[in-house]
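A short worksheet on the structure shown next.
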2 protein chains.
Amino acid sequence: MVAPPRLVERQYFTFAEPPHEMILDCGARLGPITLAYETLGELNAERTNAILILHAFSGDSHVAGYLHEDDERPGWWDNMVGPGKPVDTNRYFVICSNILGSCAGSTGPSSINPQTGKPYGLTFPMVTIKDMVRAQKHLIEHLGIRKLMSLIGGSVGGMQVLRWCADYPEMVGSAIPLATTARHSAQAIAFNEVARQAIMADPAWNNGDYYDGPGPAHGLAVARMIGHVTYLSDEAMREKFGRRLHRSALSFDFTGDFQVESYLHHQGKKFVDRFDANSLLYITKAADYFDLERGGHNLLVNEALADVPFLVISFTSDWLYPTYQSRDIVSALKKNGSDVSFCEIEAQWGHDAFLVPNERLNGLISGFLDRVYHEQCL
Amino acid sequence: MVAPPRLVERQYFTFAEPPHEMILDCGARLGPITLAYETLGELNAERTNAILILHAFSGDSHVAGYLHEDDERPGWWDNMVGPGKPVDTNRYFVICSNILGSCAGSTGPSSINPQTGKPYGLTFPMVTIKDMVRAQKHLIEHLGIRKLMSLIGGSVGGMQVLRWCADYPEMVGSAIPLATTARHSAQAIAFNEVARQAIMADPAWNNGDYYDGPGPAHGLAVARMIGHVTYLSDEAMREKFGRRLHRSALSFDFTGDFQVESYLHHQGKKFVDRFDANSLLYITKAADYFDLERGGHNLLVNEALADVPFLVISFTSDWLYPTYQSRDIVSALKKNGSDVSFCEIEAQWGHDAFLVPNERLNGLISGFLDRVYHEQCL
């Protein structure tokens with residue numbers, strides 16, 4: 001007998017900082033703000049077993065399980081999160097919220113501006129990783145949680161983990177930043193800017209005002225293809241596609257000959273159906289602005305983090321956020337005397353490796369959480 | 001007293017294989033074909049001191065010196081080619097021809113199709129590296145040269161060097177393939193395909209028929225930006241730009257904040273003024289099709305190359321054509337018993353390193369050519 005799918009429900013939390021708006025990093029005001037979120041497992045009576053999972057740039061709150069009985073696929077990290085899995089929902093209360101600026105239920109550029117009754121578009125203010133984390137803090141407090149047992153996130157999700165540590169260390173029980181950086185590099189900025197230019201070059205983008213039409217589908221697809229090249233690696237592409245053709249012979253035209261081209265076309269097309277082009281602009285910009293070093297001071301060097309255990313993980317073939325950037329995080333945290341475990345996992349899948357099922361990754365995360373649980377929750 | 005600029009003249013060679021057309025790799029016919037070329041130095045009486053320089057994807061025949069007295073800049077490899085330079089034009093006769101399919105004087109998609117009186121556009125047949133080399137062979141024979149003392153080229157120029165060796169080994173005295181590959185990788189194909197998609201997504205591309213209008217300037221700029229990210233490296237970008245802003249503060253808008261963004265915008269814009277979008281499509285496709293392995297046989301494994309000395313050079317930070325791909329070239333050539341020197345040069349400038357002045361590179365090339373000259377020309 002096949003077990004019924006574990007159903008989860010998308011929930012919405014709307015808040016307004018007094019007087020009704022949140023003052024953002026850029027100085028603009030925004031409010032009210034809605035965050036879409038999902039939870040799995042049960043919060044214990046002491047409210048000490050909560051884990052916040054922070055999603056990557058194009059992710060959403062649907063981290064694991066199924067939203068509908070007939071969904072073909074579970075959430076984006078279902079191999080990691082669920083009953084008996086490394087982030088064990090039999091034991092932990094897991095929260096995942098869609099980030100501010102995104103397009104999967106949270107307030108973002110495609111949301112209706114209550115003052116105009118129309119989508120914000122480019123009138124949406126620039127949001128930073130700090131703003132995203134501040135909004136999440138409202139959600140966590142709303143759920144009655146004073147301190148998170150752990151925060152876990154990869155890529156842009158890892159930036160959020162680090163920002164939580166810098167801004168609300170008293171709410172952080174432990175943290176697992178994966179495949180991420182504390183300073184977005186020039187190369188990573190370069191790739192993001194090319195992706196943004198691809199969108200903004202599409203006449204259908206119309207300066208961000210396209211919600212009554214088809215939108216910049218071509219530009220968004222190109223932007224996503226650029227992303228996908230950076231998520232893999234030379235080795236992964238060689239292994240996955242090599243020079244294999246997707247037809248029996250060379251076409252001698254421009255329709256695409258190689259399997260790697262079909263893969264990129266497919267990824268571009270799929271993304272257009274699910275993601276908002278303006279959200280890509282805003283979230284990549286938030287990543288580019290992300291830098292925990294200010295005026296020679298690293299915000300991770302903070303004695304309030306001295307008792308917070310960390311597990312920092314990088315992947316050998318990740319050239320978007322290479323291992324040296326994780327080592328920089330570790331160096332900063334060690335200055336606090338923190339208990340910092342660091343592991344560079346041998347993996348060929350490039351930046352995507354943190355999402356690919358991996359026994360070593362599973363073992364590290366489940367072991368770390370188990371230890372924290374026994375230290376902090378029993 | 002400042003020495004007057006060394007002036008060179010762009011020349012044109014037009015040929016037609018009987019009956020008037022060349023049958024291309026793809027089966028199509030093309031003709032007559034014009035190649036733009038420039039020469040420096042003097043061919044000796046024995047016609048044994050000729051060096052053919054093969055340019056990279058967006059290069060042209062203007063390798064060194066000045067075309068006009070008031071030119072601000074010399075040719076693209078003026079640091080390498082000239083009197084007393086590593087490729088010493090006091091001793092060698094240097095030829096550089098613009099490739100078939102390009103837009104700097106040679107026949108390509110922007111040329112007038114003699115049968116219609118209009119630019120070819122997408123009716124231009126697909127050309128391969130093999131076709132480009134075959135056209136160059138006509139030029140070399142036209143110049144009365146039976147055997148080239150050496151062939152030198154980086155990137156797509158290096159592919160041409162290797163194709164010369166595979167197809168016309170009897171005309172190759174020695175060869176220097178730089179920063180190149182014998183099999184275009186999945187990752188390199190992926191970047192090229194994204195660049196092509198950026199152009200083809202631009203409505204002004206109009207299926208390649210844009211020569212009476214402004215053309216796909218936005219798409220071409222995005223394509224060039226993608227290219228430039230792949231020509232540098234994480235390390236080079238960190239060194240050259242870091243996270244430095246090009247204004248005094250963050251803009252909190254989408255006009256570009258970081259110096260690396262301004263650099264890419266500038267490179268994109270500059271390229272639109274000098275390069276044809278269709279030529280980018282055709283030449284990147286020729287690179288993608290490039291693979292000297294056919295049915296398990298490597299075309300570089302050829303006893304006709306046994307007496308040809310090789311100098312193969314890669315650069316540590318070149319991730320577009322990484323060192324392992326040069327090692328593959330070396331392994332194949334060594335099977336012929338050839339005299340193959342290989343050097344991986346420590347350089348931070350990524351793929352661009354072969355164009356950046358470098359004492360080690362200069363020394364290797366001048367030493368190798370000097371030895372070949374003494375063995376073959378005296």
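Throughout, protein chains are lettered first and strands after them, A, B, ... in sequence-line order, and every chain is numbered starting at 1.
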Inset, instruction - Could you tell me whether the side chains of Ser317(A) and Gln348(A) share a donor-acceptor contact shorter than 3.5 Å? - result: no
Legend entry - Residue selection (most heavy-atom pairs with chain B, distance under 4.5 Å) from Val222(A), Val127(A), Leu122(A), Thr128(A): Val222(A)
Inset, instruction - Please flag which part of Leu264(A) lies under 4.5 Å from any non-hydrogen atom of chain B: side chain, backbone, both or neither. - result: side chain
Legend entry - Region of Asp202(A) in contact with chain B, defined by heavy-atom distances below 4.5 Å: neither
Legend entry - Option from Ser111(A), Ser110(A), Ser102(A), Pro119(A) for which side-chain contact (heavy atoms from CB on, under 4.5 Å) with Asp276(A) holds: Ser110(A)
Inset, instruction - Side chain from CB out, backbone as N, CA, C, O: work out which of these in Phe254(A) comes under 4.5 Å of a heavy atom of chain B, or both, or neither. - result: both
Inset, instruction - Could you have a look at Gly219(B), Ala186(B), Gly27(B) and say which one has the most heavy-atom pairs with chain A under 4.5 angstrom? - result: Ala186(B)
Inset, instruction - Select one option (side chain, backbone, both, neither) describing which atoms of His265(A) are under 4.5 Å from chain B's heavy atoms. - result: side chain
Legend entry - chain B interface, residue from Asp25(A), Leu232(A), Asn192(A), Asp291(A) that has the most non-hydrogen pairs under 4.5 Å: Asp291(A)
Legend entry - Residue selection (most heavy-atom pairs with chain A, distance under 4.5 Å) from His218(B), Lys285(B), Met225(B): Lys285(B)
Legend entry - Heavy-atom check, side chain of Lys130(A) versus side chain of Leu24(A), under 4.5 Å: no
Inset, instruction - Quick one: sort the Phe191(A) and Phe191(B) rings into parallel, tilted or perpendicular, breaks at 30° and 60°. - result: parallel
Inset, instruction - Anything under 30° is parallel, anything over 60° is perpendicular, the rest tilted; go ahead and classify Phe275(B) against Phe271(B). - result: parallel
Legend entry - N/O donor-acceptor pair under 3.5 Å between Thr230(B) side chain and Leu320(B) backbone: no
Inset, instruction - For the residue pair His184(B) and Tyr321(B), categorise the inter-ring angle as parallel (less than 30°), tilted (30 to 60°) or perpendicular (more than 60°). - result: tilted
Inset, instruction - Answer with side chain, backbone, both or neither: which region of Pro322(A) has an atom nearer than 4.5 Å to a non-hydrogen atom of chain B? - result: side chain
Inset, instruction - Evaluate the ring planes of Phe124(A) and Tyr282(A), with Trp represented by its six-membered ring, and classify them as parallel (under 30°), tilted (30 to 60°) or perpendicular (over 60°). - result: perpendicular
Legend entry - Rounded distance (nearest 0.5 Å) linking atom CG of Leu292(A) with atom CE of Met159(A): 10.0 Å
Legend entry - Among the listed options Asp253(A), Val260(A), Leu250(A), Ile226(A), the residue most often paired with chain B at heavy-atom distances under 4.5 Å: Leu250(A)
Inset, instruction - May I ask you to name which of Gly242(A), Ala204(A), Ala28(A) has the most heavy-atom pairs under 4.5 Å with chain B? - result: Gly242(A)
Legend entry - Part of Tyr324(A) lying under 4.5 Å from any heavy atom of chain B: side chain
Inset, instruction - Heavy-atom distances under 4.5 Å only: say whether Asp257(A) touches chain B with side chain, backbone, both or neither. - result: both
Inset, instruction - For the residue pair Phe241(B) and Tyr263(B), categorise the inter-ring angle as parallel (less than 30°), tilted (30 to 60°) or perpendicular (more than 60°). - result: tilted
Legend entry - Pick from His228(B), Gln259(B), Arg238(B), Lys240(B) with the largest number of heavy-atom pairs that fall under 4.5 Å of chain A: Arg238(B)
Legend entry - Which portion of Phe252(B) sits near chain A, non-hydrogen atoms under 4.5 angstrom: both
Legend entry - Winner by heavy-atom pair count (cut-off under 4.5 Å) against chain B, out of Glu193(A), Arg243(A), Met237(A): Arg243(A)
